[in-house]
Amino acid sequence: MKGPNQEEEKEVEKVFIGGLHEHLTEEKVIDESQLVPNFADEIQKYGGKDVMTCLQCGNCTGVCPISLKIDYKTRSIIKYCQFGLKKYTLGTRWVCATCYRCYEHCPADLNPAEVMIALRHIAVREGIIPPFIKTAATNLVKYGQSVKPDPEIDKIRHELGLGPIHSQDPEYPKVIREIQVLIHASKYDKLIGIQEEVKV
Amino acid sequence: MEAGAHRPEHDPGAYEPKIVAFCCNWCSYAGADLAGTTRLQYPPNVRIIRVMCSGRVDPTFVLKAFALGADGVIVAGCHPADCHYISGNEKAAMRGDFLEDFLEEAGIESQRFRVEWIAGSEGRKFADTIKKMVAELERLGPITKEARADE
Amino acid sequence: MTAPEPQNKGTPQGEPAKIAGAALVPKVGVFVCHCGSNIAGVVDCGKVREAAEKLEGVVVAKENKYTCSDLGQAEIIKAIKEHGIERVVVASCSPRLHEPTFRKCIQQAGLNPYLLHMVNLREQCSWVHSHEKDKATEKAIDLVLMGVSKATRLEPLEAREVPVEPTSLVIGGGVAGIQAALDLANMGFKVYLVETQPSIGGKMAQLDKTFPTGDCAICILAPKMVELARNPNITLLSYADVEEVKGYIGNYDVKVRKKARYVHEDKCVGCGLCSDACPVKVDNEFDLGFGQRKAIYIPFPQAVPLKYTIDKEHCLHFKTGKCLLCVKACTNEAVDHEMEDEILTLKVGTIIVATGYETYVPMKKGVYKYWEYDNVITGLELERLINASGPTGGHLIRPSDGTTPKRIALVQCVGSRNKKIGNNYCSRVCCMYAIKNSQIIMEHEPSTEIAVYYNDIRAFGKGFEELYHRVREDYGVEFIRGRPAKLSEDPKTKNIKIRAEETLLNKITEREFDLVVLSTGLRPSEGSKRIGKILSLTTSPDGFFQEAHPKLRPVDTAMDGIYLAGCCQGPKDIPDSVAQAKAAASSAAAPMFAKKVTIEPLTAWVNEEVCQGCGLCVELCPYGSPELVPGQKGGTKAHIIEALCHGCGTCAASCPQKAIVTRQFTDDQIYCEIQAALSEHGRKQAPKKRAEAEVSG
Amino acid sequence: MISYVYFFGCVVPNRYPGIEYAVRWVTGKNGFNLDVADHKEFSCCPVPGIFYSTDKDTWLLLAARNLVLAQDERRQILTICNGCLASLLKATEYLQEPKNMGKANRVLAQIGKKYTGIPQKAEGKRKVFEPVKVRHYIEVMANDLGYDAIAAKVRRPLKNIRTAVHYGCHYLRPTERATFDDPNDPVMLDKIVEACGATSVDYEDKLDCCGAGGGVRSHVVELANSLTQDKCVNISAAGADCIVTGCPFCLLQFDNAQKSFSKDGIPVMHISQFQALAMGIDPISLGFDTHHVSAHSLLRKLRGA
C-alpha cells in the first residue's frame with residue numbers, strides 16, 4: 001500500500017518512541033504461569049550440577065569471552081534456570097564455546113558450561129535444533145566423520161604419500177554400519193532428524 | 001566391580017539386606033545423629049551399634065555379625081589423625097585390611113565389609129555410605145550359605 | 001580425655017557378671033517416647049510398645065508423649081518403684097542428648113545411673129526414614145530389642161569424683177585469651193597464659209580502628225594487656241608453646257616449652273639500647289613486611305611483656321659467631337646468646353583454647369594477582385598502612401611508588417564463601433572491616449574514590465547497618481555487586497584495571513584503580529591445628545573447632561574441662577570474641593569453684609584368671625594405661641592403671657584371650673546387640689525362603 | 001616402551017593432511033621411532049560440541065566404540081586434537097561409573113563390542129581394569145620423551161622465530177582432569193617450542209579461547225571470528241612470527257578467521273609441524289598449501305636465519 005511511508009514511520013517510531021509497540025506487547029510481569037516447575041531438576045538430569053548453588057556473584061559473566069561480545073550473560077541464564085524461566089534459556093545457548101572458564105572461577109563450584117550443555121539437551125528435545133547439528137550428525141552416519149571429505153585434499157594426501165582417508169577404506173562400510181546401529185539404538189537419528197537413512 | 005556379575009538373578013523386591021554398623025561415639029555416631037537432625041533420608045536397613053571408639057571393634061564382632069545373618073558390616077570411625085583416642089581408628093583400619101582378606105577367603109565379597117571414616121560433621125556422608133552400601137548389597141544378593149557356614 | 005582416679009584403688013569395680021549363664025534375667029522397663037510427633041509421626045509407637053512387652057525380662061512397657069518432661073520422668077520413677085524395675089530402656093532420642101537427663105532420673109528412683117540404656121528412635125530412625133513408616137516401625141522394634149538385650153547385661157558402675165586443681169591454662173594471648181585469663185584471675189583462680197609470640201595482643205594489636213564505633217584497637221587493648229601482666233594471679237608465658245597435655249578434667253599435666261629469647265626477662269627493662277646497637281634490619285612481620293625491625297626487637301611499642309627477643313635466624317652472632325653489639329649495649333647484662341629453651345610442667349584443672357585465626361593468603365596463580373602486582377594488597381596490610389603507629393604513620397600509600405592512591409577498589413569475599421577452595425563459610429568480619437576502612441580512608445583523603453566489589457553486604461551487628469549507610473551517604477563510597485573476574489596491570493603506571501559484571505546492571509564493567517585491597521577472610525590458624533591435635537579436639541567442616549552444642553553449649557568442647565574462646569571456634573568480631581571469652585571463663589570457673597567433678601567410669605578391667613600376660617595391650621594402648629605386673633597367683637599379668645585409661649577399648653578388641661573387659665561396652669553386651677539386630681524377628685524373608693535363596697546362590 | 005595408537009580425528013585427515021604427515025614423521029622412524037599403530041576403524045571421537053552437547057548417551061556410545069578398539073589392541077590413544085582428548089578422556093571417566101558402563105555395554109553388544117578397560121593384574125579372584133589411557137600429543141612429547149630428547153633431535157634450530165603458543169581450552173579445562181599440566185600456568189607447549197630453538201613470546205590473554213569451540217564457529221561464525229580477532233591483535237602486539245597450537249580445530253579457526261579481518265595474517269601451524277620443521281623436514285611435505293594463511297613469510301625468515 002503506502003510502502004516506503006510505512007517504513008519511514010517505523011523508523012521514526014524506533015528513533016523517537018523506542019519501539020513502544022513492541023514494548024507494549026512484551027510481557028512485563030512474570031507470573032507463575034510462565035515458570036516451569038522443577039526446571040532445575042531437569043537441568044540436573046542432563047548433567048548440569050544443581051543450579052540452586054549459584055550465589056549470583058557474576059564471576060562467570062566476567063570471565064566469559066562470549067559475554068564480552070554479545071548480549072549473553074552467563075549469570076542471568078543461571079538465574080533464569082533457578083527461576084524456571086525456561087523460555088528465556090533455550091534459544092541462544094548455542095553460543096557457549098564450552099571453554100569452561102566459568103567453571104574454573106566459580107566460587108560455588110557450579111559448572112555453568114555444563115548447564116549450557118544441559119540446556120542444549122533440553123532445547124533439542126523441544127525441537128530447537130540448529131542446522132549445523134544436523135549436518136554434522138548426517139556426516140557422521142555417512143562418512144563416519146563429522147567433517148565432509150574433500151576430493152582436493154585427497155589429491156594432496158596422495159602427493160604427500162599418505163594413504164586414503166579411512167572412510168575410503170573398503171572395510172569402512174562395516175564401521176559405518178556399526179555407527180548406524182549405535183545411533184539407531186539411542187534414537188539419535190529420530191531426535192536430530194538425520195536426513196540420511198540409517199540402516200540397521 | 002566385576003565380582004558378582006555372574007550371580008543368578010534374584011528378586012530384588014523380596015531381598016532386604018541387613019547391615020550392622022559399628023559407630024564410634026565421637027565422630028560416626030554423631031555423624032549419624034547429624035543425618036537425623038538434617039533429615040537426610042537413607043534406607044532403613046542399617047542397625048547401628050554404638051562403641052566408644054572404632055578401635056573397640058573386635059574382628060570377632062564382624063565375623064559374628066556375618067555368621068548371624070548380616071549382609072553387610074560397616075565399621076565407622078573418626079578420620080585418620082582425628083581419633084578422639086589418638087590412634088584407635090588406625091587400629092580399626094589395620095583390622096579392616098586383615099578382615100577384608102579373611103572374608104574374601106571365606107567367600108564373602110569385599111564390598112560387604114567397609115571401614116569408613118565419617119566425622120561428626122559429615123551427616124551427608126553417613127547417609128550416602130548407607131545408600132551406596134544397600135544398593136551394592138541389593139546388586140550382590142544374599143550371601144551364599146557355604147560362605148556363612150565358613151565363619 | 002576423661003580418666004578417673006579411682007577413689008578406692010584396691011577394689012576395682014565388680015567383675016562384670018557372666019549373665020549368659022545366669023539364671024535370673026533382671027526386670028526391665030521400656031519407655032517409648034513419642035517426642036510429640038517427631039517419633040510418633042513416623043513410627044507406630046503402640047506397636048513398638050506391644051513388641052517390647054513381649055520381650056524376655058520386660059515387666060513394664062509404656063508410651064510417653066515427652067519422656068524427658070517432668071511427667072515422663074515421673075512415670076519412669078513411679079514404674080521403678082512400683083514394679084521393682086532393675087534396668088531401664090528409654091527409646092527416644094540420641095543418648096548424646098539426653099543420657100545425662102535419664103541417668104539422673106533413675107538415680108532419683110534409687111537405681112544405679114548406669115543401668116540405663118537409650119535407644120535412638122529419633123535421630124537414627126524416625127527422622128531418617130520419614131517416608132517409610134512401616135519399615136521405620138520395624139526398625140524401631142529391632143532397635144528396642146537390641147536395647148533390651150543389652151540392658152539386661154548392664155552392670156552397676158560407680159561414677160567417681162575427682163578433685164579439681166583450681167588453676168586454669170589459657171592457650172593464646174589475643175583479645176579472647178587476655179579476657180578469659182583476666183576474668184578467671186579476678187575470680188581468684190591462678191591462670192597460666194601461654195602465647196607463642198614474643199608479645200600478647202594477637203591480631204587485634206595490628207588493627208587500626210574497630211568497627212562500627214571507630215575506637216582505636218590498640219588504645220583499648222593495651223590497658224588490658226598491661227592489666228594482665230600486673231595481675232598477681234596470672235603467670236604470663238610469652239614466646240612459649242604448649243607441647244603436651246595429659247590427664248582429664250580437674251587434673252591436666254601440661255608441658256610448655258619456653259623458647260629461648262636470648263634475653264633474660266628478669267633483667268631486661270625494655271630500654272631498647274640493644275636494638276639501637278643491632279646492625280641487622282629485617283622486615284617486620286607485625287607490619288606485614290611494610291616496616292623494618294632489628295634482629296633484637298620488640299614486635300611493637302606497646303608489647304607486653306616489654307622484653308626484647310633475639311631473632312635467631314637473622315642475628316649476626318648466630319650466623320657468624322661475631323658481633324655481640326647488643327651485649328655491649330645492654331647496661332643490665334640481660335642479653336645472653338647461650339640461653340636455651342626451658343621446659344615447664346604445669347598442673348591445671350581447666351583449659352581455655354583461644355588460638356585465634358589467620359587471614360587467608362590469596363593463591364599464587366589466582367585471579368587477584370596478589371603475588372604479581374605490587375598494588376594489590378590485603379585488608380590486614382591496609383590496616384597497617386592506615387594505622388597511625390604503622391610504618392607510614394597512617395598515611396596510605398601505593399606500594400609500587402609511594403604515592404597516595406586516588407581510586408581504590410575493595411574486593412570482598414576473597415577466600416570466603418568459596419567452595420572451590422573449600423572455604424564455604426562467611427568470614428563475618430570482612431564486610432564491616434572494608435566499610436570501616438573505607439570510612440577511615442575517606443576521612444584522611446576526602447577526594448578518594450572508593451568502590452567496593454561485593455556479593456552480599458552483611459551488616460548484621462549493632463550499629464553495623466548504620467555505618468554501612470554512613471559510608472554510602474556521607475562519604476559516597478560506591479558499592480558494585482559483582483565479583484571481579486579479571487585484574488590487569490598497566491605496566492607503566494602500575495594501575496590496575498578490574499573487569500567485573502555489575503550484576504545489578506547486567507553489564508560487564510571495566511574500571512581502573514590505583515590500589516586494590518583484597519578483603520581476605522579468616523581461616524583456622526596453624527597453631528590451632530597443632531593445639532587441636534594435642535588436645536584431640538574435633539573440628540567442624542570449616543576447620544574451626546567444634547563446640548559441644550551449637551546453641552546450648554557454644555563454648556564447651558566434647559572434652560570435659562576444655563573450653564573455646566574467640567576465633568578458634570569460628571570467625572567473629574571483637575565484641576563476640578570478648579563475650580565468648582567471658583563465657584568460657586565462667587564455664588571453666590564452675591568446676592573449679594565446685595572443687596570436684598564426677599567422671600564416667602567407662603574404663604577397662606583385666607580378668608587375671610584369663611590373662612596370659614602377652615603384653616599386646618601394653619603395646620597398643622595410646623595412653624600407657626596397661627602395665628605388666630606379677631599376678632596374685634603368679635605369672636605375669638596385665639593390669640590397667642585406671643587413672644590413665646580413657647575407655648576406648650582398643651585393648652579389649654585386641655586381647656587374644658578376651659581377658660579385658662571395657663565397662664558399659666563389654667564383649668557380651670555387644671554380642672547381644674549384634675544377635676538382637678540380626679534376629680529373624682521382623683525379617684521380611686521367611687527363613688525357608690531365605691534358605692532357598694541361599695541355595696540358588 | 002609404551003604402545004600408542006594414532007587417533008587423528010576428523011579435521012586433520014580431511015583438511016590438514018600436512019599435520020598428519022608431520023605427526024607420522026616426528027613419531028616415526030625419521031624422528032623418535034615410537035611404537036604407534038594405525039587403526040582403520042576409528043570414527044569421529046565424537047566431537048563434543050555436537051554430540052556431547054545434544055545427547056550424552058549417543059556421545060558415550062560412539063566414544064566407547066573408539067575406546068574399545070584401543071582397549072582390544074592394549075594401546076594408549078595418541079590424540080593430536082584437544083577436542084578428541086576432551087571427548088575421549090571424559091568418556092573414560094563416565095565409563096568408570098558401573099551404571100554408565102553397563103548401559104553402554106548393553107548397546108555395544110549389538111555390534112559385538114564390550115568396554116571393560118584394559119586388564120592389568122589379577123588381585124585374588126578379581127581382575128583389575130584400568131581405563132583406556134587417552135593422551136595428547138603435547139603431553140606425550142613432554143612426559144614420555146622429555147624436552148632434552150626433543151632438543152637433541154633438532155637439526156634446524158628455529159632461532160629468531162618468535163612464536164605465540166595457543167594451548168586451547170580443552171587441553172586445560174576443566175581442570176580436574178587435566179592433571180598433566182598446570183591449568184593456570186601451562187608450560188608444556190612453551191617448553192617444546194623452546195626446545196626447538198624458537199622463542200615463545202608472552203602475550204595478553206594467552207589462555208583465552210580461540211572462539212571456535214562448542215559449535216560457535218558452526219553456529220555464528222562472526223562471533224567466533226571476533227574472538228579470534230582479539231587473540232590475533234594481542235599476538236601481533238607481541239610481535240609473533242607464527243602461532244603454534246596443539247589443536248587442529250583452533251588451528252582451523254585461526255587459519256580461516258584471519259581472512260575476515262586482515263589481509264596477510266599470521267601463519268599458524270600444529271606443534272607437530274613446528275617440530276618437524278626444527279627436525280629438518282622438507283617444508284614442502286608439511287602441506288602448508290592447504291593452509292589459508294600462507295607460511296611463506298615464516299619460511300623466508302627461517303631461510304634467512
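All values reported here derive from a predicted model rather than from experimental measurement.
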inquiry  = Angle between ring planes, C/H98 versus C/F102, binned at 30° and 60°: parallel, tilted or perpendicular?
reply    = perpendicular
key: Lys/Arg-Asp/Glu bridge criterion (N-O < 4.0 Å) met for B/D58, B/K64   = no
message = Please classify the contact between B/Y29 and chain C as side chain, backbone, both or neither, with a heavy-atom cut-off of under 4.5 Å.
response = both
key: Contact origin within C/D667 toward chain B - heavy atom pairs under 4.5 Å   = both
Whether over 12 other heavy atoms sit under 6.0 Å from B/K131 NZ = yes
ask   = Can B/T60 and C/Y671 be counted as having a side-chain donor-acceptor contact under 3.5 angstrom?
value = yes
remark   = Applying a strict 4.5 Å limit to non-hydrogen atoms, the region of B/N25 in contact with chain C is both
Donor-acceptor contact present, side-chain C/K529 to main-chain C/G543, <3.5 Å = no
Heavy-atom side-chain proximity of C/V42 to C/H131 below 4.5 angstrom = no
request  = Side-chain contact test, heavy atoms from C-beta onward, threshold under 4.5 Å: evaluate it for B/I108 versus B/I143 and give yes or no.
outcome  = yes
ask   = Parallel under 30°, tilted from 30 to 60°, perpendicular over 60°: which one fits the rings of B/Y42 and C/H129?
value = perpendicular
ask   = Of the backbone (N, CA, C, O) and the side chain (C-beta and beyond), which part of B/I48 lies under 4.5 Å from a heavy atom of chain C, both, or neither?
value = both
inquiry  = Counting only non-hydrogen atoms closer than 4.5 Å, does C/F665 touch chain B with its backbone (N, CA, C, O), its side chain (CB onward), both, or neither?
reply    = both
ask   = Which bit of B/V57 is near chain C, if near means a heavy-atom gap under 4.5 Å: side chain, backbone, both or neither?
value = backbone
message = Can a donor-acceptor pair be found, under 3.5 Å and without considering hydrogens, that links the side chain of B/R95 to the backbone of B/G55?
response = yes
inquiry  = Counting heavy-atom pairs under 4.5 Å with chain C, which one of B/C83, B/A92, B/P43, B/S87 comes out on top?
reply    = B/P43
task = For chain C, find which of B/G120, B/A65, B/C27, B/P59 contributes the most heavy-atom pairs closer than 4.5 angstrom.
result = B/A65
inquiry  = Please classify the contact of C/S654 with chain B as side chain, backbone, both or neither, using a heavy-atom distance under 4.5 Å.
reply    = both
task = Could you check which of C/G649, C/A558, C/S130, C/C125 has the highest count of heavy-atom pairs closer than 4.5 Å to chain B?
result = C/G649
message = For B/A30, which atoms come within 4.5 Å of any heavy atom of chain C: side chain, backbone, both, or neither?
response = both
request  = Answer yes or no: are there more than 12 heavy-atom neighbours, outside C/R530 itself, under 6.0 Å from its atom CZ?
outcome  = yes
message = What part of B/A119 gets within 4.5 angstrom of chain C, counting heavy atoms only: side chain, backbone, both, or neither?
response = neither
request  = Side chain from CB out, backbone as N, CA, C, O: work out which of these in B/C24 comes under 4.5 Å of a heavy atom of chain C, or both, or neither.
outcome  = neither
Options C/L97, C/T539, C/T538, C/T662, ranked by heavy-atom pairs under 4.5 Å with chain B, top entry = C/T662
task = Under 4.5 Å heavy-atom distance to chain B, tell me which part of C/L537 shows up: side chain, backbone, both or neither.
result = neither
request  = Identify which of C/T650, C/V128, C/L620 forms the greatest number of heavy-atom pairs closer than 4.5 Å to chain B.
outcome  = C/V128
message = Can you tell me which portion of C/E132 sits under 4.5 Å from chain B's heavy atoms? Options are side chain, backbone, both or neither.
response = side chain
task = Below 4.5 Å from any heavy atom of chain C, which atoms of B/R50 appear? Answer side chain, backbone, both or neither.
result = both
ask   = Which of the residues C/A653, C/A136, C/A676 is involved in the greatest number of heavy-atom pairs with chain B at under 4.5 angstrom?
value = C/A653
query = Is there side-chain contact between B/L63 and B/L99, with at least one heavy-atom pair below 4.5 Å?
reply = yes
Top of B/P44, B/A127, B/C78 for chain C proximity - count of heavy-atom pairs under 4.5 angstrom = B/P44
query = How far does CD of B/E116 sit from OG of B/S28, to the nearest 0.5 angstrom?
reply = 9.0 Å
